*Asks:* 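Before I ask anything, let me first share the structure, which is written out below as C-alpha cells.
Keep in mind it's a predicted model, so treat the numbers as computed, not measured. Note that these values count all heavy atoms, side chains included, but never hydrogens, waters or copies made by symmetry. Whatever order the structure lists ligands and atoms in, that order sets their numbers, starting from 1. Counting from 1, the numbers follow the sequence of the chain as shown.
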Amino acid sequence: MQTITTVTELRSALGRVRDKHVGFVPTMGYLHDGHMALVKASRARCDVTVLSIFVNPTQFGPTEDLSTYPRNFLRDEQLCRDAGVTILFAPDAHEVYPAQFETFVEPGELARSLCGAFRPEHFRGVATVVCKLFNMVLPDIAFFGQKDFQQCAVVRRMAIDLNLPIEIVTVPTVREPDRLAMSSRNRYLNKEERLRALAISRGLFAAEAEFRVGERECEKLMAVARRHLDEVDRLQYLELVDADTLQPACSPLSQPAALCAAAYVGSTRLIDNVILSAGSEHGLRPDQTRMTLSRCDDTGR
Ligand code: AMP
C-alpha cells in the first residue's frame, strides 16, 4: 500500500495503473468496519482501491465538531493495509483547498430536507469535496454507505447532473452486534449514552418490522419508531421519505421509502435509517435517482 498526501503524487501513482479499474472510498478517517465494508465492496469490483482520509472543513458548521473529530492516522493506515487498500490518500486542508478557493458545488432540493434542514451548508461542503476528490482520483466506481442516506442521494444526483462518468454504489449500513449503526462519532459516547443510543436503531427496526407484516400507513409506522426514539435526549428529526426524492412519503406506501432519524445522545449527534421496500432487500438500485417529486393529497403523508 502507498500512502500519498499530494495530488501530484496521486496522479503519478494512478498514471501507472491507468488501464485498471479504480474504486474509490472517501472517508473522514477513524476507520471502523462500516468503512471496511466499502473497501471490501471496492475490492470485489475493482483492481485498485483508493481510500481517502480527509476531515473536510467545509461540511462542518461553525458550532460543529471539526476540531474534535476523532483522528488516529497510524491505526487507520494499518487497517487500510490489512484490508488490501492500494492507495491511501490523506491530503491536508491546503492541498484540497488552495488559497483564494471560492468555487463550490451547490446541490439542490435533495440537500434541503432531513439533515440539510439542520445543517444548511453541510451538503454544499460534501458535494464540493466529493467532486474535487473525484477529479483527483478519477475513479470508475465510488462507494458510499447507506448510513448517510441523504449523502448518497446528493452525490448520485451530482454525478448525473455534472456528467461525472463514475458509478455510485451504496453499501448497506454495518452495525454493532446490538444494532447500533457504526460511526466514528460513537467514540464520543460514554457507557450509559451508548446504551441510550440503542433507542435509535430499536425504533427504526420496530417500524421496519411493522412494515414487513403489512403496515403501509406512514403515520402509524412513524408512531411505532417514535415510541422508542422518545428515549433519546433530543430527537432532531424522524422522517419517512420517498427513497428517491427524499420528500415526505405518501400513505399507503407503494414506493421504496427511507425512515430516517437524527438524534442527540448527550452532546453527540447520531443519524441512522432503514429502507422500507417491498421489493429488493435495500430498495436501492445503484443507478436509481428519480427526480419527480411525489405529491401527497391533503389527507395523507
Ligand atoms: P465518514 O468517515 O463518516 O465520512 O464515512 C465515510 C464513508 O463511510 C461514507 O460513505 C459513510 O456513509 C460510510 N459509512 C460510515 N459508517 C458506515 C456504516 N456503519 N456502514 C456502512 N458505511 C458507513
Side-chain angles (χ1 to χ4, degrees), residues 23-44 49-61 64-66 68-73 75-77 79-80 83 85 88-91 96 110 114-115 119 122-123 125-134 137 139 141-159 166-189 194 197-198 200-201 204-205 258 260-262 268-275 281-282 284 286:
F24 179 41
V25 177
T27 83
M28 297 206 298
Y30 211 75
L31 303 177
H32 51 67
D33 284 353
H35 300 112
M36 291 308 145
L38 307 189
V39 171
K40 201 169 162 200
S42 173
R43 290 195 67 205
T49 293
V50 180
L51 181 143
S52 65
I53 296 181
F54 180 61
V55 182
N56 173 37
T58 64
Q59 71 188 66
F60 286 77
E64 295 180 353
D65 57 346
L66 172 62
T68 56
Y69 195 82
R71 291 165 168 89
N72 188 339
F73 186 73
R75 179 176 166 275
D76 286 350
E77 198 176 30
L79 285 171
C80 287
V85 168
L88 168 56
F89 180 49
V96 177
L110 285 171
L114 305 172
C115 290
R119 306 182 74 188
H122 175 68
F123 289 112
V126 168
T128 301
V129 81
V130 170
C131 186
K132 285 169 68 60
L133 290 167
F134 280 179
V137 176
I141 315 182
F143 297 85
F144 292 84
Q146 184 202 311
K147 188 181 87 76
D148 298 275
F149 188 73
Q150 188 171 17
Q151 172 170 281
C152 293
V154 167
V155 168
R156 188 172 294 123
R157 187 70 247 163
M158 173 183 76
I166 300 168
E167 183 186 338
I168 307 299
V169 170
T170 300
V171 175
T173 303
V174 177
R175 297 176 180 280
E176 302 285 356
D178 59 11
R179 283 186 158 182
L180 180 69
M182 287 190 182
S183 164
S184 308
R185 289 190 168 100
N186 290 351
R187 78 144 300 165
Y188 296 142
L189 303 170
R194 169 83 182 55
L198 291 176
I200 303 170
S201 52
L204 298 178
F205 281 110
C260 303
T268 305
R269 182 178 180 276
L270 300 173
I271 59 170
D272 198 355
N273 66 81
V274 292
I275 306 297
E281 194 189 344
H282 308 296
L284 293 170

*Asks:* Does ligand 1 have an atom under 4.0 Å from some heavy atom of His32?
*Replies:*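 It does; at least one heavy atom falls under 4.0 Å.
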
*Asks:* Against Leu51, only a single residue in Val85, Leu38, Val137 fulfils side chain to side chain contact (heavy atoms under 4.5 Å, CB included); can you say which?
*Replies:* Val85

*Asks:* Return the closest protein heavy atom for atom 5 (O) of ligand 1 as residue, atom name and distance.
*Replies:* His35 NE2, 3.4 Å

*Asks:* If you have a sec, work out which protein heavy atom is nearest atom 4 (O) of ligand 1 and how many Å separate them, to one decimal?
*Replies:* Met28 CG, 3.5 Å

*Asks:* Measure Gln151 to ligand 1 on non-hydrogen atoms and call it side chain, backbone, both or neither using the 4.0 Å cut-off.
*Replies:* side chain

*Asks:* What is the nearest protein non-hydrogen atom to atom 12 (O) of ligand 1, stated with its residue, atom name and distance?
*Replies:*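 Its nearest protein heavy-atom neighbour is Asp148 OD2, 2.6 Å.
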
*Asks:* Please say whether Gln146 places an N or O atom under 3.5 Å from an N or O atom belonging to ligand 1.
*Replies:* no

*Asks:* Below a 4.0 angstrom heavy-atom separation, can you tell me which part of Pro26, side chain or backbone, both or neither, approaches ligand 1?
*Replies:* backbone

*Asks:* For Cys152, which part has a heavy atom under 4.0 Å from ligand 1: side chain, backbone, both, or neither?
*Replies:*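 It is neither part, as no heavy atom is under 4.0 Å.
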
*Asks:* Distance to 0.1 Å, residue and atom name: give those for the protein heavy atom nearest to atom 20 (N) of ligand 1.
*Replies:*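 Of every protein heavy atom, Val174 N, 2.8 Å lies nearest to atom 20 (N) of ligand 1.
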
*Asks:* Just distances here: any N/O of Met182 and N/O of ligand 1 closer than 3.5 Å?
*Replies:* yes

*Asks:* Flag Leu38 as yes when one of its N or O atoms lies below 3.5 Å from any N or O atom of ligand 1, and as no otherwise.
*Replies:*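 Not met; the criterion fails.
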
